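Take a look at the structure below.
Computed from a predicted model, the values in this text were never measured in an experiment. Order of appearance sets the numbers: ligands from 1, and atoms from 1 within every ligand. What you see below is based on every heavy atom in this structure, not just the backbone, and it leaves out hydrogens, waters and symmetry mates.
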Amino acid sequence: MRRFALGARIRDLFGAPNHGAPKHSFFDELEDILIEGDIGPTTAAHIVEAARAGIRGGGGKDRDRFFELLRSELGQALRAESLHLLDNTVNLHLVLGVNGVGKTTTIAKLAEYYRRKQGKRVLLAAADTFRAAAIDQLAVWGNRLDVPVIRQAAGADPGAVVFDAISSAQANRIDLVIVDTAGRMHTKAHLVKELGKIDKIAGSRIPQSAYKKILVIDATTGQNALRQAEVFHGAVGVDSLILAKYDSTAKGGIVVAICKALEIPFSFVGVGEKLEDLEPFDTELYLNRLLEAR
Ligand SMILES: Nc1nc2c(ncn2[C@@H]2O[C@H](COP(=O)(O)OP(=O)(O)OP(=O)(O)O)[C@@H](O)[C@H]2O)c(=O)[nH]1
Ligand SMILES: [Mg+2]
């Protein structure tokens with residue numbers, strides 16, 4: 001399923017014949033590859049500009065120099081920050097994202113992570129009330145994880161589910177409430193209205209530093225993911241990003257573009273469909289995957 005391997009494309013370009021001398025088309029091609037890699041046109045242009053200064057184009061030595069430059073430039077744009085839970089209070093993660101990006105699966109992975117790795121008491125809130133199947137899916141995960149799930153009937157007010165979940169968490173000394181939300185995004189006004197209500201309820205009952213709005217990004221969607229991040233950030237403000245499905249694509253360059261454009265850090269990366277397939281976002285590991293030769 002890997003459609004585009006940034007590292008391999010660049011290696012091919014440097015390895016191609018007739019690139020012994022600095023050629024206009026060589027750098028153009030390099031820029032095209034970087035842009036197709038979704039890292040963003042500004043970053044791509046900046047990197048090519050820097051490369052023109054020190055790289056003649058072609059040859060193993062130049063290739064190695066370019067990869068060093070690329071790593072350093074991308075590394076500077078990237079932001080990684082883990083999600084720390086506060087002690088002795090209810091923390092809340094509001095998990096956002098468009099349809100099918102991997103929200104519910106990521107929530108299950110987060111619950112497993114905090115419960116198993118950190119010994120936290122976790123509760124899930126089924127605030128994606130739009131579809132009965134979405135509520136059931138979260139309930140199935142809750143059962144498997146042995147974590148309580150607060151739910152209401154399909155069509156119920158998501159804000160009411162969040163209100164209930166917080167009350168239950170406060171009464172039961174829960175450390176972390178993770179809220180599943182519907183991924184519909186008909187219009188921005190609609191999104192602001194729907195999520196705004198939930199945000200207001202959570203924001204008024206959870207201390208600010210214990211409340212995180214987390215956007216899940218699907219690594220396979222490319223440029224559209226930046227657009228999604230802009231819309232959600234504009235609607236409710238996003239504190240942290242999770243990159244899902246990084247195992248399914250080599251097109252993870254969008255992470256660079258999002259970090260650069262919105263200055264929001266990534267906290268985790270999803271690398272499979274199983275519960276344990278969630279890793280804290282690590283800049284070095286991410287760059288290794290992005291730039292490896294495949
Ligand atoms: N390979 C892979 N698949 C993933 C990952 N995360 C989620 N998926 C799969 O992506 C599909 C959608 O995941 P969901 O968690 O249901 O996504 P969602 O955002 O909750 O979807 P809706 O509730 O319909 O909006 C499922 O088949 C998941 O197994 C991942 O990190 N890697
Ligand atoms: Mg879901």
Side-chain angles (χ1 to χ4, degrees), residues 1-5 83 93-114 122-145 147 149-156 158 161-162 165 177-187 190-191 194-195 198 213-222 224-225 227-229 231-232 235-236 238 240-255 258 266-282 285-286 289-290 294:
M1 207 177 140
R2 293 184 177 277
R3 298 164 293 153
F4 181 95
L83 297 164
H93 288 358
L94 181 65
V95 178
L96 311 165
V98 301
N99 280 339
V101 289
K103 290 180 299 295
T104 308
T105 312
T106 301
I107 287 166
K109 291 174 181 176
L110 284 170
E112 170 79 356
Y113 178 87
Y114 284 110
V122 180
L123 177 149
L124 305 181
D128 178 357
T129 57
F130 187 59
R131 290 179 302 125
I135 301 171
D136 292 340
Q137 189 191 358
L138 197 71
V140 167
W141 279 117
N143 255 331
R144 260 184 76 181
L145 291 160
V147 159
V149 177
I150 299 298
R151 59 185 288 178
Q152 291 184 11
V161 177
V162 173
V177 175
I178 311 179
V179 181
D180 195 11
T181 61
R184 288 166 303 144
M185 198 169 67
H186 296 318
T187 63
H190 182 256
L191 188 81
E194 280 259 322
L195 294 178
I198 299 178
K213 284 165 268 187
I214 303 169
L215 181 69
V216 179
I217 288 292
D218 180 336
T220 66
T221 53
N224 199 25
R227 172 89 191 100
Q228 291 166 17
V231 170
F232 277 92
V236 282
V238 172
S240 180
L241 294 151
I242 295 182
L243 181 71
K245 310 186 195 177
Y246 197 33
D247 56 300
S248 303
T249 179
K251 282 205 89 172
I254 195 64
V255 165
I258 294 173
F266 276 78
S267 51
F268 286 99
V269 51
V271 292
E273 295 184 88
K274 296 199 293 294
L275 275 176
E276 60 272 25
D277 294 332
L278 184 76
E279 300 171 357
F281 187 87
D282 179 290
L285 270 179
Y286 162 79
R289 272 200 192 108
L290 188 72
R294 275 195 277 246

- Among Lys245, Lys103, Arg131, Lys274, closest by heavy atom to atom 18 (P) of ligand 1 is Lys103

- Item | Shortest protein heavy-atom distance from atom 3 (N) of ligand 1, along with the residue and atom involved | Glu273 CG, 3.2 Å

- Item | Side-chain donor/acceptor of Lys245 to backbone N/O of Gly102, under 3.5 Å | no

- Message: With heavy-atom distances below 4.0 Å as the criterion, list the atoms of ligand 1 near Gly100.
- Response: 12 (C), 17 (O), 18 (P), 19 (O), 21 (O), 22 (P), 24 (O), 25 (O)

- Write out the residue and atom name of the closest protein heavy atom to atom 1 (N) of ligand 1, then the distance separating them to 0.1 Å. Asp247 OD2, 2.7 Å

- Task: Assess Gln137: does it contribute an N, O or S atom lying under 2.8 Å from the Mg ion (ligand 2)?
- Result: no

- Task: Mark up the atoms of ligand 1 that fall under 4.0 Å of a heavy atom belonging to Asn99, in ascending order.
- Result: 25 (O)

- Item | Which residue and heavy atom of the protein sit nearest atom 15 (O) of ligand 1, plus the separation | Thr105 OG1, 2.5 Å

- The one among Gly270, Ala244, Gly272 that brings a heavy atom closest to atom 30 (C) of ligand 1: Gly272

- Query: Any side-chain heavy atom of Val101 within less than 4.5 Å of one from Gln228?
  - Reply: yes

- Message: Less than 4.5 Å apart, side chain to side chain, heavy atoms only: is that true for Val255 and Leu290?
- Response: no

- Could you find the nearest protein heavy atom to atom 16 (O) of ligand 1 and give me its residue, atom name and distance? Gln137 NE2, 3.2 Å

- Test: Arg151 and Asp136 ion pair at under 4.0 Å: yes

- For the side chain of Thr181 and the backbone of Val95, is there at least one donor-acceptor N/O pair under 3.5 Å apart? yes

- Looking only at atom types and distance, does a side-chain atom of Tyr113 sit under 3.5 Å from a main-chain N or O of Pro280, one as donor and one as acceptor? no

- Query: Where's the contact between Ser248 and ligand 1, heavy-atom distance under 4.0 Å: side chain, backbone, both or neither?
  - Reply: side chain

